[in-house]
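Presented below is the structure to which this report refers.
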Amino acid sequence: MNVQQLTSLILTRLKQVIGLYAFVLIPMWGMFFLNEIVLFGVWNIFGIVPRTVDLGSIVGIFASWTMHGNFPHLLGNTVTLLQILFLFGLFENNAYRTIVKLIVASGVVTWIIGSPLSIHIGASGLCFAMLGFMIGGALFARRWGYLLACIVMGTGYWLTIKQGLMPQPGVSFAGHFGGLGIGLLLGANSKHAYTNTINRY
């Protein structure tokens, strides 16, 4: 790969980073303020209710990442996503498709393993799914970009995982654990698709 190709690849990936920020963060922030100002909190009742088959819970599987209980909840997830989306934008060839897959997969797992009669909202399940995907890709699929990211950001990752997996009142352990687990699984199985994409360059 010559300098011109490398420069083009870097610019393409930086554009993807910006696109991912818009793809994930604009719906999160937009729905938060729409919910607060126009919907008066009604949007949050469509969170994931484990093992309940109704319209609200089905919507939650796909959209609970846009639901947040308060501004600190939204801000905390945003800070985490700013870092992880940046790394995804740099290293993931199919970033948009992968993120959609992680949203749905983490939502389904939360629906399966969550406590009954609880409602799960927030983007932290997606955050943990993306962390798991990068760790799984680094450890099992030999994706060296993610391995480098895990090493450089390692302390922050492990602290986030440790804190997120400690059961706490009002915190979705099922969302965190389920997201991390399904992310690890999908990341570990991402080698084949990743290799095929790289070979086209």
Side-chain angles (χ1 to χ4, degrees), residues 20-21 23-25 27-28 31-32 44 46-52 56-69 72-89 91-92 94-116 118-141 143 146 149-150 153-154 156-190 193:
L20 289 177
Y21 283 161
F23 183 68
V24 175
L25 298 179
M28 277 175 52
M31 285 308 303
F32 177 79
N44 287 354
F46 292 101
I48 299 171
V49 180
R51 296 175 298 285
T52 299
S57 195
I58 300 303
V59 168
I61 288 173
F62 295 93
S64 63
W65 60 281
T66 66
M67 306 170 190
H68 289 84
H73 186 201
L74 172 68
L75 189 60
N77 282 333
T78 299
V79 170
T80 303
L81 283 169
L82 283 171
Q83 302 171 57
I84 305 174
L85 287 169
F86 180 79
L87 297 172
F88 253 65
F91 300 123
E92 187 62 34
N94 301 309
Y96 296 96
R97 185 174 66 184
T98 301
I99 288 173
V100 170
K101 190 185 300 183
L102 291 172
I103 287 171
V104 176
S106 62
V108 170
V109 173
T110 302
W111 183 85
I112 292 171
I113 70 172
S115 301
S118 59
I119 300 179
H120 299 258
I121 62 172
S124 55
L126 173 60
C127 292
F128 274 82
M130 294 174 74
L131 283 172
F133 186 89
M134 288 192 290
I135 294 169
L139 294 179
F140 303 109
R143 298 184 63 173
Y146 285 144
C150 289
M153 304 284 291
Y157 283 171
W158 296 120
L159 284 175
T160 299
I161 291 171
K162 180 181 177 182
Q163 292 172 355
L165 294 182
M166 293 177 62
Q168 305 169 53
V171 175
S172 175
F173 173 79
H176 295 179
F177 180 79
L180 183 65
I182 197 65
L184 282 167
L185 181 63
L186 292 175
N189 286 281
S190 66

**Prompt:** Is the backbone N or O of L82 less than 3.5 Å from a side-chain atom of Y21, with the two atoms forming a donor-acceptor pair by type?
**Reply:** yes
**Request:** Count the heavy atoms of every other residue, nucleotide or ligand shown that sit under 6.0 Å from CZ of F173, and state whether that count exceeds 12.
**Result:** yes
**Prompt:** Would you find more than 12 non-hydrogen atoms of other residues, nucleotides or ligands less than 6.0 Å from F32 atom CZ?
**Reply:** yes
**Message:** Main chain of A188, side chain of R143: is a donor-acceptor contact present, judged purely on distance under 3.5 Å?
**Reply:** no
**Request:** Using the side chain to side chain contact (heavy atoms under 4.5 Å, CB included) rule, pick out the option among N77, L131, T80, I103 that qualifies with L126.
**Result:** I103
**Request:** Go through F91 and M134 one step at a time and tell me if the side-chain contact (heavy atoms from CB on, under 4.5 Å) criterion holds.
**Result:** CA-CA 10 Å; F91 300 123; M134 288 192 290; over 6 Å; no
**Request:** In sequence, state the C-alpha distance, the side-chain angles, and the governing distance for F128 and H176, and then conclude on ring pair (Phe, Tyr, Trp, His ring centres under 6.0 Å).
**Result:** CA-CA 6 Å; F128 274 82; H176 295 179; 4.5 Å; yes
**Asked** Shortest non-hydrogen contact from N44 to M67?
**Response** OD1-CB, 3.3 Å
**Request:** Taking all non-hydrogen atoms of both residues into account, name the closest pair between A174 and G114 and its distance.
**Result:** CB-CA, 3.6 Å
**Asked** Just by distance, do the side chain of S64 and the backbone of G47 share a donor-acceptor pair under 3.5 Å?
**Response** no
**Request:** Would you please say whether a donor-acceptor pair under 3.5 Å links the side chains of T110 and H120?
**Result:** no
**Distance-minimising heavy-atom pair for I61 and I48** = N-CG1, 3.7 Å
**Request:** Verify side-chain contact (heavy atoms from CB on, under 4.5 Å) between F88 and L102, making sure each step is shown before the conclusion.
**Result:** CA-CA 12 Å; F88 253 65; L102 291 172; 4.0 Å; yes
**Request:** Check the pair M130, L81 against side-chain contact (heavy atoms from CB on, under 4.5 Å), reporting the backbone distance first and the verdict last.
**Result:** CA-CA 9 Å; M130 294 174 74; L81 283 169; 4.0 Å; yes
